[in-house]
Each structure stands twice: as structure tokens, then as C-alpha cells.
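Lettering follows sequence order; numbering is per chain, from 1.
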Number of protein chains: 2
Amino acid sequence: MKRLIYDARLKSVPEPTLRRLPIYHRYIKELKKDHWTFVSCTDIGEEFKLEPTQVRKDLEVTGIVGKPRVGYPIAALIAAIEEFLGFNNVNEAFLVGAGSMGAALIGYDKFQDYGLNIVAAFDNDAAKIGKIVHGKTILAIHKMPDMARKMHILIGIITVPGSAAQEVADLMIQGGICAIWNFAPVRLRVSDNIIVHNEDLYCSLASLSQKVAQAIRLRAEEMPS
Amino acid sequence: MKRLIYDARLKSVPEPTLRRLPIYHRYIKELKKDHWTFVSCTDIGEEFKLEPTQVRKDLEVTGIVGKPRVGYPIAALIAAIEEFLGFNNVNEAFLVGAGSMGAALIGYDKFQDYGLNIVAAFDNDAAKIGKIVHGKTILAIHKMPDMARKMHILIGIITVPGSAAQEVADLMIQGGICAIWNFAPVRLRVSDNIIVHNEDLYCSLASLSQKVAQAIRLRAEEMPS
DNA sequence: TAGATTGTTAATCGATTAACAATC
DNA sequence: TAGATTGTTAATCGATTAACAATC
């Protein structure tokens, strides 16, 4: 049973794994509060209706080593997930678009725990510039690229309308930003060294909508009135 | 080349397909504005860097029939996607949790186009009840289940803190709601006839965080200072 | 010791991609 | 007609699940 250190360059981690790890992390932190010291894949799998094997595969990428018969030491496991997901090195981020979604995100104070610190917010609307939102002053967008470069900002959050998103993305990249969390309903055209995460609520809603529509269709067939 | 009508009961549509269709839909509507009449999978694939075959497979689920050599008639294709995704039968929804995220969602006026109409918003905070947000009065949460049942509401949106989410979900289901769009960072325990869509921004952020952390690690290795 | 769980390899499943005849 | 694109089947790829020896 030799064990190789996981080398992230060889193979990128599956996206489903990346999205399950924070779920596990949350649960395991709860267990720690309840003074558990070990947790098994069976425990985690039962909580989220997942196969223990899948949980084990997921945890494997963090490099954690477990004990047969008992599971994984909780404190070490939490640390391994946090280290792997980059929660420890908190990165500073700029947010552009101080509308209601932007304001909501500025207010998410737990983002810090996940490696994100929104240090400034920008807008192009004179009515918004200078206003304070959740303790942060909204700055003029034209200041953003220079500030980003000076402050070595790596992450940008886009919460502007779709029509302005590409322009904002270009400015961010100009300022040295290399990862964009995009809430605008637009696919951004960027070079492929830029990480883009689309949070397109309309697409998510469309998927929900289809399932509801299908459920209604099936129900109508089963009970013809 | 016989063609069977797609029967949604036989096989559920892959989630990736459901999330790509609205993207195509948006693009094709743009093309229609520019007076295109036909669009091919090659066109769509080039726009989004996808294989034409994949686009074709995706469009197939809508039942649209194309013309070899020219592609799909734009107007019919838009109609087919909208019908398939359930954009035509707009469903009424209740939103619970009038915090900043709730307020942002109430303000998303395009949700109607995707089959969702937020008709009422609720909260348990006396300070919020009675307030008007984006033209909608915030109601007391205790009124929600009865109102949902009387108004035949099918969709619930949860934007409360994680600690309250399960309780809200239970109330929604009690009111006859069968589909939940959950923005709280919690996995809801519901019976499996309830559709749950988790919009867990922390998980999404964690995935972004990991990629940024990895990019930084690689960069550090490539340029040792 | 007995048995539950780990680590790891193999099999399965589902989604993507390739191949190609049909066709406009 | 020639050739691009559809519709459809087969091959590939990647993620999930199953199997099982090692082990505490």
C-alpha cells in the first residue's frame, strides 16, 4: 500500500470532487464541534447519500491518510481539505458592479473562510460611487485596473449587467487579474490562462424550470382529470 | 432516418445538456435579432468552443428537426428550446428570506422569461415584515404555508441563513411546494419526490479557490525567485 | 482474533467525441 | 452536381461504483 503524494499537475481534479469537498468540510467541522475525533467515509456517505468509495476518492486528492477500521482523524482532515482548497491563503478580490447582487456578495462575510477577501467594489454609476455598502465604499470603475495592478489583486468578481461584462473582464485582465467569478449572464471571451467561473443564475433556473415542467407533465398524465 | 419523439420518462436529460441549452438559446435569440433565419451546430459550437456533435445531441432533446446543409430554422429552434425548458408555462414562486440575496433575486426581473414569477416574499424578522423590496411587500413567514396551498405555488426559493433553511424547506413542503431553489449553504433533507436545486456559492467559491491556489503554486514553481 | 474501513485496482456507467450514410 | 450539415450509431473518455487485499 504505497502512497504517492498527489501531484496536481499530472491530472486536474474532477469538478464534481471540488464541489463535494466543501460539503464534506462543513459536515466534518460540525462533527468536530460535537467532539468527534475520527470520521469514516461511511459516515460521510450516509450523511449525503453518497457511496463511501466516492467519498474516499474525493478525500484522496487532499493527501490525507486514514486508519483502517477507524477512519480519518478529524482535525487533520479539516486541515487537509482547507489546505487543498486554498482556504488558508486568503486572496484579495475586487468586485465590479454594485447593484443588488454585488451588494449581496459584499455582505457575504464568510467568504474569507474560503480564501476570498473582497477588498474593494467598483461601479460606473455616478449615483453609486462614494456610497458605502456593507462598510465598503464604492469606487469609480476607471480606477480599478491601476489599483488592481498596484495591489496585486488576482481575483475579480463581475456583477454588472450582461451588456457590460466583457468590458469589465477586459479591464480586470488589464489590471493583472487572473481569475474571474462571473455572475453576468454572458460567456466571457478571455485567453485560456484566465480562470473563469460562471455563476449564471438563469442557466441554473432553466434547469430547474425544465424539471418542474417535466414533473407537471408526468403528473398530468398520471391523473387525467 | 426515422425520428422518435423524445420521451422524457425513458431517460432524464443530462444536467450538462440542461445547462447548455439556455446558453444556446441566448445566442440564437441574438442571431434572430440580426435577422438570421437558420443556424447550424457548427455556428453554435464555434461561438462556445464546443463540438458540433455535442450541440446536435443537446438540441436533439428538444425535438427540433434540422435541414441538412443549412441547419435549424431559428424561430422554430427558439420555440422548441423554450417549450422544452418550460419557459412558456410561467410558474409562480415564493421566496423566503428577505436579506440581501433575497432582495437581489426579487429584483431579477428576467426570471419571468425563464418560467419563474416570484409572487411573494417572506421573512421572520419583524423589522423586515411590511417593508417593500423591489415593489414587493415582505410578509410574515407564518402565513406562507397556507398561502402556498391556496395559490397552488409549486416553487420555493430559500435565501435564509443556513441555520433556518431546513425549517423553511419543511414549511414549503407543508404548503405543497414541490421544487426548491436553495441558496442556503445546507443540504436539505427532503423526500425524493421534491426537486432541490442547490445554489451553494461557498462550494462554487471553493472550487474557484482551489484553481487559483493551484495556479499560484505552479507559477511559484516555474519562476523560483 | 474478528471485522470494519482504508487504499487501490478493475468494472461499470454515462457523457462526449468520432465516424459515416442520408440529404438538401 | 458537390459539399456542408443533419441524424444516428460506434468508440472514447472520464467519473462512479464494485471488488478485494491490507491493516488496525
Side-chain angles (χ1 to χ4, degrees), chain A residues 1-8 10-21 23-24 28 31 36-74 76-77 80-81 84 207 210, chain B residues 1-8 10-21 23-24 28 31 36-74 76-77 80-81 84 207 210:
Chain A
M1 256 209 298
K2 70 173 183 296
R3 179 156 240 290
L4 296 162
I5 302 275
Y6 186 80
D7 189 342
L10 298 179
K11 224 198 284 181
S12 75
V13 181
E15 187 68 26
T17 295
L18 289 181
R19 302 218 168 220
R20 279 188 300 262
L21 282 172
I23 310 278
Y24 304 160
I28 299 162
L31 297 182
W36 288 42
T37 50
F38 280 84
V39 63
S40 74
C41 296
T42 318
D43 297 328
I44 299 173
E46 270 171 17
E47 176 71 12
F48 301 111
K49 289 187 189 159
L50 298 170
E51 293 293 326
T53 317
Q54 175 161 87
V55 177
R56 201 167 305 122
K57 268 257 157 67
D58 288 340
L59 297 184
E60 194 192 3
V61 305
T62 68
I64 187 75
V65 176
K67 274 202 183 48
R69 179 84 231 252
V70 271
Y72 301 87
I74 289 230
L77 181 52
I81 296 175
F84 175 75
S207 158
Q210 193 274 338
Chain B
M1 256 208 299
K2 70 173 184 297
R3 179 156 241 290
L4 296 163
I5 302 276
Y6 185 80
D7 189 343
L10 298 180
K11 224 196 287 180
S12 75
V13 181
E15 188 68 27
T17 295
L18 289 181
R19 302 217 167 220
R20 281 188 299 262
L21 282 172
I23 310 277
Y24 303 161
I28 300 163
L31 296 182
W36 287 42
T37 52
F38 281 83
V39 63
S40 73
C41 295
T42 319
D43 297 328
I44 299 173
E46 271 171 16
E47 177 71 13
F48 302 111
K49 289 186 189 160
L50 298 169
E51 292 295 326
T53 316
Q54 176 161 87
V55 177
R56 202 168 304 122
K57 268 259 158 66
D58 288 340
L59 298 183
E60 194 192 2
V61 305
T62 69
I64 188 75
V65 176
K67 276 200 183 47
R69 180 82 233 253
V70 272
Y72 301 87
I74 289 230
L77 181 51
I81 296 175
F84 176 75
S207 158
Q210 193 275 338

S.K.: Within the 4.5 Å heavy-atom criterion, are V13(B) and F84(B) side-chain neighbours or not?
M.R.: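 V13(B) vs F84(B): side chains touch.
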S.K.: In whole angstrom, give the distance that lies between atom CG of L59(B) and atom P of dT5(D).
M.R.: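 Nearest whole value for this atom pair: 14 Å.
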S.K.: Using atom names, set out every protein N or O paired with an N or O of nucleotides 15-17 of chain C below 3.5 Å, distance rounded to 0.1 Å.
M.R.:
| from | atom 1 | to | atom 2 | distance (Å) |
| --- | --- | --- | --- | --- |
| dT16(C) | OP1 | R20(B) | NH1 | 3.0 |
| dT16(C) | OP1 | R20(B) | NH2 | 3.4 |
| dT16(C) | OP2 | R20(B) | NH2 | 3.2 |
| dT16(C) | O5' | Q54(B) | NE2 | 2.9 |
| dT17(C) | O4 | K57(B) | NZ | 3.3 |

S.K.: To check you understand the geometry: which heavy-atom pair defines the closest contact between Y72(B) and V65(B), and what is its length?
M.R.: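 Heavy atoms only, the tightest pair is CD2-C, 4.0 Å.
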S.K.: Are any of R56(B)'s side-chain N or O atoms less than 4.0 Å away from OP1 or OP2 of dT6(D)?
M.R.: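 Yes, such a contact exists.
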S.K.: With rounding to the nearest 0.5 Å, note down the distance linking CG in L21(A) to OG1 in T62(A).
M.R.: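 Between L21(A) CG and T62(A) OG1, I get 7.0 Å after rounding to 0.5 Å.
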S.K.: Does the side chain of D43(B) come within less than 4.5 Å of W36(B)'s, by heavy atoms?
M.R.: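 The answer is yes, as the side chains (C-beta and beyond) meet within the 4.5 Å cut-off.
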S.K.: Distance from I81(B) atom CD1 to I64(B) atom CD1, nearest 0.5 Å?
M.R.: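 Result: 8.0 Å between the selected atoms.
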S.K.: How long is the span from the CD1 atom in I44(B) to the CG atom in L77(B), to the nearest 0.5 Å?
M.R.: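 If I round to the nearest 0.5 Å, the distance is 6.0 Å.
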S.K.: For Q54(B), which residues count as a side chain to side chain contact (heavy atoms under 4.5 Å, CB included) partner, sequence neighbours excluded?
M.R.: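 Q54(B) satisfies side chain to side chain contact (heavy atoms under 4.5 Å, CB included) with R20(B), L50(B), E51(B), D58(B) once adjacent residues are dropped.
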S.K.: Any protein N or O atoms within reach of nucleotides 1-4 of chain D? Criterion: under 3.5 Å, listing atom names and distances.
M.R.:
none

S.K.: Given Watson-Crick or G-U pairs with both distances under 3.5 Å, what dot-bracket string fits DNA chain C, with | for other-strand pairs and [ ] for crossing?
M.R.: ..||||||||||||||||||||||
S.K.: Can you list everything that forms a salt bridge (charged side-chain N to carboxylate O under 4.0 Å, His left out) with R69(B)? Sequence neighbours excluded, please.
M.R.: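 Per chain and number, R69(B) pairs via salt bridge (charged side-chain N to carboxylate O under 4.0 Å, His left out) with no residue.
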S.K.: When you check the phosphate oxygens OP1 and OP2 of dC24(C), does a side-chain N or O of Y72(B) lie under 4.0 Å from one of them?
M.R.: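 No, no such contact exists.
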S.K.: Starting at the 5' end of DNA chain C and moving along, which residue's nearest nucleotide shows up first, V70(B) or V70(A)?
M.R.: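 Comparing both residues, the 5'-ward one is V70(A).
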S.K.: Between dG14(C) atom P and L18(B) atom CG, what is the distance in whole Å?
M.R.: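 The distance from CG of L18(B) to P of dG14(C) comes to 16 Å, rounded to the nearest Å.
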S.K.: First locate atom CZ of R56(A), then atom OG of S40(A), and finally report the distance between them rounded to the nearest 0.5 Å.
M.R.: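 Between R56(A) CZ and S40(A) OG, I get 8.5 Å after rounding to 0.5 Å.
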S.K.: Nearest nucleotide by nearest heavy atom, which residue falls closer to the 5' end of DNA chain D, S40(B) or K67(A)?
M.R.: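 Here S40(B) is the residue nearer the 5' end.
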S.K.: Once you round to the nearest 0.5 Å, how far does CZ of R19(B) lie from CD of Q210(A)?
M.R.: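 CD of Q210(A) is found 12.0 Å from CZ of R19(B).
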S.K.: Going from OG1 on T17(A) to CG on L59(A), what distance comes out if it is rounded to the nearest 0.5 angstrom?
M.R.: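 Atom-to-atom, T17(A):OG1 and L59(A):CG are 9.5 Å apart.
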